[in-house]
Amino acid sequence: MQSPQVNMDMQMAWRNVWRNPRRTWLTVGAICFACMVLIFMLSFQFGSYETMINSSVKINTGHLQVQAAGYFDKKNMRRVINDPKPVMQMISAIKQVEAMTVRANTFSLVSSEDRTYGAMIVGIDPAHEPEVSTLKQLIRKGEFLPEKTGSDRALIGSLLARNLKVVIGDELTILGQGKDGSVAASIVTICGIFKSGIDGFDRNTLHIPIKTFQAVYFMDAAVHEIVINANSLHDVAAVKKEIINGLKNIPEGKKLVVMDWDELVPGLTQAIRIDLISGIIFWFLLVLVVAFSILNTFLMAIFERTREFGVMMAIGTTPQRLVKLLLYESNFMTIVGVGLGIIIGCGITGLFQVYGIDMSGASEMLKQYGISGRIYPRLSLITAFAGPVLVWIITIAVAFYPAMKIKKLQPIEAMTHV
Amino acid sequence: MPIVEVKGVDKVYHQGDTAVHALDNIHLSMDAGSFAAIAGPSGSGKTTLLNMIGGLDLPDHGDVIVDGRHFSEMNQSQLAQLRLNRIGFVFQAYNLIPVLSAVENVEYVMLLQGVEKAERRDRAMAMLDEVGLTEKYDNRPAELSGGQQQRVAVARAIVSNPAIVLADEPTANLDSKTGEGLLRIMAEMNERRNVTFIFSTHDKMVMDYAHRLVLLRDGMIDDDRSK
Ligand SMILES: Nc1ncnc2c1ncn2[C@@H]1O[C@H](COP(=O)(O)OP(=O)(O)OP(=O)(O)O)[C@@H](O)[C@H]1O
Ligand SMILES: [Mg+2]
């Protein structure tokens, strides 16, 4: 049970907080504002990271890939998985694997009637690709590759299509080098145009069926990548471990490596880290400003009330009790500010979470990772409370200093203070 | 046995190079139930002497004994405890805690003493009744006149059952009629409850009310007479 003494002290503290309503509201407002900004910023940052990871992983790399050792660095098309079947069988037995597909890549010249560009030709499995990536949903014109094997259809990135001045139904000539070193050439018909928002991807990729790829580039049954999605980001590490173990029992396994999305898109985590660090620096500056506003309020309040403290001490109030009173006051102010900040901050962030924020003006670095169009801040327990808790801790810490000054106060000196 | 004894108290204040002898070898003793005034010109040491008796300030030499306790043998927190339980204070002005109502101000000392909530309220209301402020019990100090505020301060000083009440120029900020009202209340308390009162004052009327008048001059006792 709370002792009645505590109640009286709290009551006094609460009334003291509202003695100078304008100053209190200014301080509370500063705390509230800092919390709002922190909640929004953090939610926005987390939302954009999720978008970045998702667009990179979903459009492109998947959670995990099995490749021939050295393929990732050299992109040498001869470093292949010669026989993907046993590897895929092994992987499909892993519980946390959601989907899997194969791909092959090579660089070739692509010519339309009047232009030629270099492009990354990607062989995909039309039946399984949609289970792993969002490519099918990115089709803006036309349709996805038909599932029947060996078709000579192609999907083209919107920017590449614009550069080549081609539309659905137009034919493209592909000219490159086969796996055995001989000239590889083919003609494909555009059946769909996709747009991911990631400029690099839209500007230089052309997708054709894996069977066509294998035939044109003399690959036999070989592929370059087995792309795997786990049930969620959290399962990636476990799946990776199981695949590494599984590869040991497969004849070709020694030559193969498993890479997760972090390794496949090394710039991504770096970009996230840089963004997070600059965010943290900004938060500290913000919280520092609030801390000084609190400090100022408290020093002023104590200065103005020195006489009152003197009288209180003269009639028997202990310095400890005065310190407690002042700490209650700072806590109340902080609670009001932080509480309002959380409510308003979550409200505003929640609104933007529904409607999104237009990011068409995003920087090139962000665009590279799929940040364009609308970003949706992601409100969570962490984003809602991390900032406010930080504000709380710092303001309480700052309020300690003026409160401790009281301990040095002598009643007579305090009472003669004007 | 006297309730207050001041034995050879010296107090020197240093201000820059000059030393001010605020109290110079003061000997004084007061019996329980006194109603005494300390008078003297400005700067004669009245406030300093009251602060010594109240344990708010310590002498350079000599000792103060209140209710049998020797201040020279006590530390700060023991002194604070003694002030809380044995000494009531009425200052010249701004006595009250601004955020507390009249009755809460009177209750506050009992809160510090650890008196139960229900008892606190009853005793505080009874005390306000004695100083004639029953109707104003819920008003904050800012809503009370100067005289009313001083009456609340007297109620607060007495409610804790102190051995002595020290009042430093309690009427200085009041007009003579209000001042007299306050004095009459204190005189009544003195008679009915046998509470010891020691005032400092410039006020002729206060000196007339006092049963004993101690005159200070330059930190020394110039005259001491009882009536
Ligand atoms: N804290 C202090 N520092 C320096 N000198 C002081 C201090 N307090 C009091 N004095 C000096 O000590 C002397 C006595 O002061 P005191 O306040 O006791 O006088 P007083 O009789 O109460 O005067 P008044 O009638 O004006 O209230 C004065 O000369 C005063 O200037
Ligand atoms: Mg004085």
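Bear in mind that the values here come from a model prediction, so they are computed numbers and not experimental data. Naming: A, B, ... by sequence-line order, numbering from 1 per chain.
- With a 4.5 angstrom heavy-atom cutoff, B:Y94 touches chain A via backbone and side-chain atoms both.
- Contact residues of residues 62-84 of chain B toward chain A are B:Q76, B:A80, B:R83, B:L84 (heavy-atom distance under 4.5 Å).
- Contacts of B:R140 with chain A are made by side-chain atoms alone, with heavy-atom separations under 4.5 Å and no backbone atom involved.
- Between A:Y401 and A:F298, the distance separating the two ring centers is not shorter than 6.0 angstrom.
- One finds a salt bridge joining B:E130 and B:R192 here, because a Lys/Arg side-chain nitrogen approaches an Asp/Glu carboxylate oxygen to under 4.0 Å.
- There is no contact between A:T318 and chain B, counting heavy-atom distances below 4.5 Å.
- Taking the six-membered ring where the residue is Trp, A:F44 and A:F40 present parallel rings, their angle staying beneath 30° rather than reaching 60°.
- Only the backbone of B:A93 comes within contact range of chain A, with at least one heavy atom under 4.5 Å from a heavy atom of that chain.
- Your options are B:L96, B:N51, B:T47, B:L100, and the one with the most heavy-atom pairs under 4.5 Å with chain A is B:L100.
- No donor-acceptor pair under 3.5 Å is formed between the side chain of B:K136 and the backbone N or O of B:A102.
- A donor-acceptor pair shorter than 3.5 Å cannot be found between the side chains of A:Y328 and A:N16.
- Here A:F284 and A:F282 keep their ring centres 6.0 angstrom or further from each other.
- Checking A:Y376 against A:S48 by side-chain atom types alone, no donor-acceptor pair falls below 3.5 Å.
- Every residue meeting the salt bridge (Lys or Arg N to Asp or Glu O under 4.0 Å) condition with B:D57, not counting sequence neighbours, appears here in chain and number order: B:K11.
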